[in-house]
Amino acid sequence: MLRSLLRCKALRPLHSQQMPLTGLVNWQSAKTPTSPIPVPRSLNVHAPVFVPKLRTAAQVASSSHTASRSNGAICSQYAEADPARPAVPPTISPCSTSGRESLTHTSQCFGGSLVFSQRPRDVRAFAAAAAATDTSLQAGYIVEFKTDSRQDLALLQRPNGKANWFATDVRGQTYSLRPQQMVYILPGESYKENDLHQIHDQALKDADVALLADAWEMVHEDDELYSVTEMASLLFGNEEPPSCYASHRLLCQERIFFKQAGRSPPRFQARSAKEVLLLKAKRIADEKAAAEVQEFVQEMYRCHKLPHDQKPTMQEWNDSSQSHRLSALQSFALDRADTADSTLAIQMMQACGKQPNPSGAVEMLQSAGWWRPHEQLGLIKAQRTETFPSPVQERAAQLLTDPPTDPDALIRQDLTHHEVLTIDDATTRDIDDGLAVEVLPDGRHKLWVHIADPTRWVTQEDPLDVEARHRAKTMYLPTGNIPMFPRDLADGLFSLHLGQPTAALSVHMVLNSDGSLDECGIVASTVNPTRKLTYHEVDELLDATMPEQEPMLWALHQAAEARERWREEQGAMSFQMPEAKVRVVQPHSPASIVQVHATGSAAGTQPSQRLVSEMMILAGQAIAHIGNENGLALPYRGQVAPTLPSEKELEALPRGPCRHVLLRSKMVRGNITTSGPTPHAGLGLQGYVQFTSPIRRYSDMLAHFQLKAFLRGESAPFPAFHLGELVDMSNGMAQEAGVLEREVTNYWLAHYFRAESQNNPQRSWKAMLLMWMRTESGLARILMPELGVETVMRINRPAKPGDELDVCVGFVDVPKGIYKFNEAAHGQSVNSQDVNSQDELDSDEDGEAVGGADDAVSEPADPAEADMTVVTS
């Protein structure tokens, strides 16, 4: 029946029919037309609003019509006027609307002026909407409201302040509604709660989206505006409140066929056929997208349940239809997302019930297998991973398959007859230095330090050089190292491996009997390492053999001891402190095991470490001497002499770590010049160039570029000023890498302390009070000798440096790398993270990371390296 009514031509032009003005009637009562208000024909023009069947105020006042609905539904006097308001006869006066005259009918039914003409428009809806911004809303009105979470019907109860109203919805929940939240006010007044429920239920029963499609077919060619009551007549054949509410609800929920073209009162217009086609296509696309989102949610849930080793890899995800969603999550987690990716990532997190923040994105990526467990966000953000850009990988592959001609072939000397010894950790693969000893005719020893020569393969500004400049250094982490060059080069082609002839830069030196440097030189060479030992093996050999049994090893050892004595005489300082060595077993497994132990001791480093360290310092001094003699621009490192504590201050402290920490705190920042050597107080040298780790440090490779050009008889590629800029940039990048190293180390230390305290809540460690940092607040620096960990904690009792403490874990936040300690018998703790980081900066070993997994100290202790100032000329 409704469909036939919709197709009735008599109903189609409702907006142009001359309908009489009648009063409000019960929406269930019979509607008997009354006589229309006489209107002068000269004013028979269109106006924006009109209510069909609106009765005059006098008619409303005199009306006592009460209707009842069958089934015992509603029995109320919808049309009864407010008895507190006097009936005012209507007045009709001309007004102008868009250049045309109209009629203004003033009535006190709703306490305001109602504008209407002979063109039907919903005067009641207009008046109610106007009242929402006025002060004439009444208790008993039914309004359709919209909040952030829902849109529904509510019955106005009483005012709340000047403009707001308390209203109760169909669920019995009370709201304080602002006028702006009332999107539609139903015709009628003096409604009760029972009316609210029946209107709501009847509207939900009658609402059928198909009716809108049929109505649109009838009117879409007309460019007309329709009020809610006109739409009710069009859709349902009546203007009763349930039909009006059902119409407005349909029009708000289904916007494909009609669009809202006015708000006071709500008015709607049929969309064009083109708009409808576009919106239908968009809906199909949206539904498809929603289905894909649901598929994504189900896939994420499935992956979440899988064991770690069965989860899809990043490559497998990239080959799937969900790759763009996971890529958006990754961009969001790394703070790189554009607007589109950010919107998509938030949508995915909300669909999966996660908080829309970077932590939620990380959790989803790890749960899916896109990222591995314990993935370090800081490394990914800084692009410090083992994955290199495609141009870099392509260049590396080209070097391996099609080696270029050696640019130094004419000057490179064959030193493969040397017995070359390399000393490193057992796990080290990027071997960049080797040692040899040559006995001179006068019985003295010529010491050789052979340094790997990556500039044999890398040319300035090629992809390898640019990437190494960006990375600045190889990073040493508890989980392994992240190389400065692709691993096939760093651990392979560039390294000094046993039995493999390799390009090198070789520095030779002869010492005086007191350990001072007598003569030195440098050549480009080819060497063939013949012996590989670990630090532990060297210590064992020195302990178990005599000089005649290991002549080369002992010659190096004796030279290192002479050098150490000579440097101390020149004012060199060394800090013999244990350091934390952190290793992780199965670093990308949920069941990762963290191992922590101390390296070195308060008594000093092992002979093998001092041997290598002294040989590297000697080579750096020789290069500074050669550069100074020949006017070469090199990265000369220096350090101003510190103001040391007095003998009395030192004697007040126990020997060992307490004194070393005090001395370390007095060290001043180092500097770098490029025009000539500058004294380095910490090393006791008049000049020093760091150049012995070109595979691991970009600033060392810059020194190689300069030295190689000098050996070829060419001009230096970098003038002093340009070299200074490059070194400054490299040092900045290296410091950023150092911060990341410490963050990762703190993460795994926090992981270790959490696991230890969970396995044994009574677990404690011995610690030594090193120094008071702030006595007024009880803040002290401590050392845990068993682990080599330095940190701070609060001690609320008398104690002095050197005292032994028992400490236990107080709090751990693994993702943030925070761990706090309590004194076992007390219970005060303080955040350890920031001070740990500073401590590690203070005690960094000449650019090598404290706590590295694959590296041993192969360079001198140089506190100035933590923060350098570059001075150029």
Hey, can you pull the donor-acceptor pairs under 3.5 Å for the side chains in residues 644-658, sequence neighbours left out?
from, atom 1, to, atom 2, distance (Å)
S646, OG, E649, N, 3.2
S646, OG, E649, OE1, 3.4
E649, OE1, S646, N, 3.0

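A salt bridge links R471 with E467; the closest basic N to acidic carboxylate O contact falls under 4.0 Å. Remark: K766 does not engage D803 in a salt bridge, criterion side-chain N to carboxylate O under 4.0 Å. No salt bridge links R565 with E568; every basic N to acidic carboxylate O contact stays at or beyond 4.0 Å. A salt bridge between K354 and E363 is present, with a side-chain N of the basic residue lying under 4.0 Å from a carboxylate O of the acidic one. Salt bridge present: R567 and E614 bring a charged side-chain N and a carboxylate O closer than 4.0 Å. Taking 4.0 Å as the cut-off between side-chain N and carboxylate O, R664 and E790 count as a salt-bridged pair.
More than 12 non-hydrogen atoms from other residues, nucleotides or ligands lie less than 6.0 angstrom from NE2 of H470. In this structure, K800 places its NZ atom where only 12 or fewer heavy-atom neighbours from other residues, nucleotides or ligands lie under 6.0 Å away. A 6.0 Å sphere centred on CD of E540 holds more than 12 heavy atoms belonging to other residues, nucleotides or ligands.
When atom types are taken as modelled, the side chain of S331 and the backbone of A337 share no donor-acceptor pair closer than 3.5 angstrom. Formation of a donor-acceptor pair under 3.5 Å by the Q606 side chain with backbone atoms of Y535 is not found in this model. With hydrogens and angles disregarded, no donor-acceptor distance shorter than 3.5 Å links the side chain of T428 to the backbone of D430. For Q621 (side chain) and Y688 (main-chain N/O), no donor-acceptor pair under 3.5 Å exists by modelled atom type. A donor-acceptor distance shorter than 3.5 angstrom exists from the side chain of S589 to the backbone of A591, with no hydrogens or angles considered. Here the side chain of N822 pairs no donor or acceptor atom with the backbone of A824 at under 3.5 angstrom. A donor-acceptor pair is defined here as one N or O able to donate and one able to accept, closer than 3.5 Å; no such pair exists between the side chain of D728 and the backbone of G724. No side-chain donor-acceptor contact under 3.5 Å links W371 to the backbone of M314. Panel note: side chain R583, backbone H597; no donor-acceptor pair is recorded below 3.5 Å. Between the side chain of R794 and the main chain of S777, a donor-acceptor pair closer than 3.5 Å is present.
Residues P356 and Q350 approach most closely at CG-NE2, 4.3 Å, considering heavy atoms. In plain terms, the two heavy atoms of T474 and E741 that are nearest each other are O-OE2, 3.9 Å. The minimum heavy-atom distance linking P607 with H557 is given by the pair CB-CE1, 4.2 Å. Taking all atoms of both residues into account, the shortest heavy-atom contact from I695 to I431 is CD1-O, 4.1 Å. When all heavy atoms of M349 and Q355 are compared, the closest pair comes out as SD-O, 3.6 Å. Looking at every heavy atom in both residues, L329 comes nearest to A345 through CD2-O, 3.8 Å.
Rounded to the nearest 0.5 angstrom, H680 NE2 and N671 CG are separated by 8.5 Å. Atoms CZ and CG, on R563 and L618 in that order, are 4.5 Å from each other to the nearest 0.5 Å. Interatomic distance, S574 OG to L663 CG, rounded to the nearest 0.5 Å: 9.5 Å. Interatomic distance, CD of Q330 versus CG of L365, reported as 6.5 Å (0.5 Å rounding). With rounding to the nearest 0.5 angstrom, the CD atom of E375 is 9.0 Å from the OG1 atom of T385. In this structure, the separation between CG on L334 and CG on D341 is 11.0 Å, given to the nearest 0.5 Å.
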Assess whether side-chain hydrogen bond (donor to acceptor under 3.5 Å, both in side chains) is satisfied between H374 and Y747, documenting all intermediate values. CA-CA 9 Å; H374 307 295; Y747 171 90; 2.7 Å; yes
May I have the step-by-step check of side chain to side chain contact (heavy atoms under 4.5 Å, CB included) for R797 and E823, ending in yes or no? CA-CA 10 Å; R797 63 178 180 84; E823 191 174 0; 2.6 Å; yes
Does D432 form a salt bridge (Lys or Arg N to Asp or Glu O under 4.0 Å) with R697? I'd like the steps, not just the answer. CA-CA 11 Å; D432 49 15; R697 280 192 299 260; over 6 Å; no
Give the C-alpha distance, both sets of side-chain angles, the deciding distance and a yes or no for side-chain hydrogen bond (donor to acceptor under 3.5 Å, both in side chains) between R487 and N481. CA-CA 10 Å; R487 200 170 292 282; N481 70 350; 2.9 Å; yes
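Counting heavy atoms from C-beta outward, F811 and R754 have side chains that stay 4.5 Å or more apart.
The aromatic rings of W748 and H751 sit tilted, their planes meeting at an angle between 30° and 60°.
In this structure, the ring of H588 has its center no less than 6.0 angstrom from the ring center of H308. Taking the ring centroids of W765 and F753, they lie under the 6.0 Å cut-off.
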